[in-house]
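First up is the structure itself, then whatever we jot down about it.
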2 protein chains.
Amino acid sequence: MALRHAVLAALLDEELSGYQLTKAFDLGVANFWHAQPQQLYAELTRLERDGLVTGREVVQDTRPNKRLFRVTDAGLAELERFTSLAAKPSFIRDDLLVKVQAADHVDAGTLIAQLTERAAFAQAKVDLFGRLLRTMRGDRAEEDFLRHGECIGPYLTCLRGLAFERGNRDWCEHAAAVLRDRQGARVQD
Amino acid sequence: MALRHAVLAALLDEELSGYQLTKAFDLGVANFWHAQPQQLYAELTRLERDGLVTGREVVQDTRPNKRLFRVTDAGLAELERFTSLAAKPSFIRDDLLVKVQAADHVDAGTLIAQLTERAAFAQAKVDLFGRLLRTMRGDRAEEDFLRHGECIGPYLTCLRGLAFERGNRDWCEHAAAVLRDRQGARVQD
DNA sequence: CTCAACATGTAAAAGGTTACATGATTTT
DNA sequence: AAAATCATGTAACCTTTTACATGTTGAG
C-alpha cells in the first residue's frame, strides 16, 4: 500500500490540489512513483477521511474552485512508520524489454522503430530532470547543496530518475544500433 | 496484458516447466518482467487453453512429474502482433524512493540502513547478470557476439538489467553517503 | 468556434499479491 | 529430524487501469 505514502511524500514540501498532484504523477515528473489521476483523487479522499491530510477550499474567480491538501501530524507519523518497515525490492516491468527478449523471433524493423522512439522519450525526461535539478539547487554547486541544503529528498529522487532515464536512453540506442548492424550484416551474406 | 507476452518470450528459447519459469521470474533473473509463481501457473493454464503454448508431461522417477511448455506457431504470431503495438512507457515505482523523497522529514539512520541493504542487493544482481552474460556469449567478445550470435534477445535484456542494477547500486551508495555526511555536519554545528 | 487546460469524481474490468493447500525427496 | 527444493494449484483481497461523466475559462 505505497501509493498513499507516495502521495504523503509528494505533499510534504508543498500544498497541492488533486489536479496539481495529477500533473506531478501523471506526467512522470514524480520520479519515484507513477499513478493515474483517478487513483490520486480517490487516495486523497481516503487520506483525508483517515486524518492523514487536511484539505482547504480555495475559491477562485476565473477557475473552478479547488481543494489544497497538506500532511497532518498523523500523516507524518504514518510516513515515519512506513519508512521503518522493510522496503520491497523494485523490479523492471517493461513492454519494450519483453519485445527485445523476443528479438530473434520477431521483426527487427519494428523493434528498431520502437527503441528509437523510446530513446527520444527518455532523452526528453533527461532534459526535464536536468532542469528540475538546476531549479532545486539554485546557484549552489551540487556538492554544497547536498551537504547543506534544506530540502534534499526530492533532489535525491530526481537524481535517480535522471540516471534511470539516461540508462534507458543509452540502452535503447545501443540495442537499436545492434539490430541495425545485424540487418546490414544479413544483407552482406 | 503483457504478462502473457512475457511468458511467451521467456519460453521462446527453452522448454520450461511452471516451476522452472517461477525460478526465472520470481528471483528477478528475468530482467524484463517480474511475477509470482501463482500468476505463472495461472497464465500457463490460460495460454495452453488458448493454444499459444503446448505442454507435455515428463514422468520423473525421483521427482514429481512435471509439464514442459513450449510456444506454438499461434503463440509466436501473438508475440509478433504484440510487438507491433505501441509500447507503454515504463515508470519507476519503488518504496525506497518514496522514503528518500521524505528524507528531510524522517529518521536518517533508518534510511541509511535501507539504502545500504539495497545497494548490497543490487550488487548481488550485478554479479549474477555479469555471470549470465558471460555464459551466454561463451568465449566470444561481446561485440562479435552481438553482431553474429544467434540468440541476442536475452543478452540485450540482460544488459539492461545489469545497467539498471548498477544504477541502483551507485545511487543507493551516493544517497547513503550524502545522508551520512549531513549527520556528521549536524554534529559539528 | 474549437481545442487545451482547469477541476473532480464514479464504476467496471483487469492485473497483481498474499494466504492457504498438498505432498514427495534430497540435503543438512 | 528439520529444512530446502521440486511441483502445482485455488481463493480472497488489494491495486491499477480504462471508460464514462460533467462543467468552466482562456487561447488561437
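Just so we're on the same page: letters track the sequence lines, and every chain starts at 1. On a predicted model such as this, the values are computed, not experimentally measured, just so you know.
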TODO: On the 0 to 90° scale, with breaks at 30° and 60°, tag the A/Phe32-A/Phe25 ring pair as parallel, tilted or perpendicular.
DONE: perpendicular

Open item on the list: Between the side chains of A/Asp94 and B/Arg160, is the shortest nitrogen-to-carboxylate-oxygen separation below 4.0 Å, so that they form an ion pair?
Closed with: no

Task: Rounded interatomic separation in angstrom, taking CZ from B/Phe91 and P from D/dT15 - done: 20 Å

- [ ] Mind calculating the distance between OH (B/Tyr41) and P (C/dG15) to the nearest angstrom?
- [x] 21 Å

Task: Atom-to-atom span, NZ of A/Lys23 to P of C/dA4 - whole angstrom - done: 12 Å

Task: Residue met sooner reading DNA chain D from 5', once A/Gln36 and B/Arg67 are mapped to nucleotides - done: B/Arg67

Task: Test side-chain contact (heavy atoms from CB on, under 4.5 Å) applied to B/Leu68 and B/Gln20, step by step - done: CA-CA 9 Å; B/Leu68 292 182; B/Gln20 289 171 309; 3.6 Å; yes

Open item on the list: Rounding to an integer number of Å, can you tell me how far B/Leu3 CG sits from D/dT16 P?
Closed with: 17 Å

TODO: Could you tell me the separation between the NZ atom of A/Lys66 and the P atom of C/dG9, rounded to a whole number of Å?
DONE: 14 Å

Task: Atom-pair distance (NZ on A/Lys88; P on C/dG16), nearest Å - done: 15 Å

Open item on the list: I want to confirm an ordering. Mapping A/Pro64 and A/Gln38 to their closest nucleotides on DNA chain C, which one lands closer to the 5' end?
Closed with: A/Pro64

Open item on the list: Regarding B/Arg93, tell me which of base, sugar-phosphate or nothing describes its non-hydrogen contacts under 4.0 Å with the strands shown.
Closed with: sugar-phosphate

- [ ] Find the distance A/Leu40:CG to D/dT17:P and express it as a whole number of Å.
- [x] 10 Å

TODO: Check side-chain contact (heavy atoms from CB on, under 4.5 Å) between B/Pro64 and all other residues, then give those that pass, not counting sequence neighbours.
DONE: none

Task: Interatomic distance where CG belongs to B/Asp26 and P belongs to D/dT8 [whole Å] - done: 14 Å

TODO: May I ask you to say what B/Gln60 touches in the nucleic acid, namely base, sugar-phosphate or nothing, with a heavy-atom cut-off under 4.0 Å?
DONE: sugar-phosphate

Task: Whether B/Phe91 and A/His34 hold their rings parallel, tilted or perpendicular, with breakpoints at 30° and 60° - done: parallel

Open item on the list: Check this one for me: any side-chain N or O of B/Thr62 less than 4.0 Å away from OP1 or OP2 of C/dA24?
Closed with: no

Task: Any A/Tyr19 side-chain nitrogen or oxygen under 4.0 Å from OP1 or OP2 of C/dC6 - done: yes

TODO: Name the residue closer to the 5' end of DNA chain C, choosing between A/Leu68 and B/Ala2 according to the nucleotide with the nearest heavy atom.
DONE: A/Leu68

TODO: Check whether any side-chain N or O of A/Gln39 sits under 4.0 Å from OP1 or OP2 of D/dT16, and answer yes or no.
DONE: yes

TODO: Hey, which sits more toward the 5' end of DNA chain D by its nearest nucleotide, A/Asp61 or B/Ser17?
DONE: B/Ser17

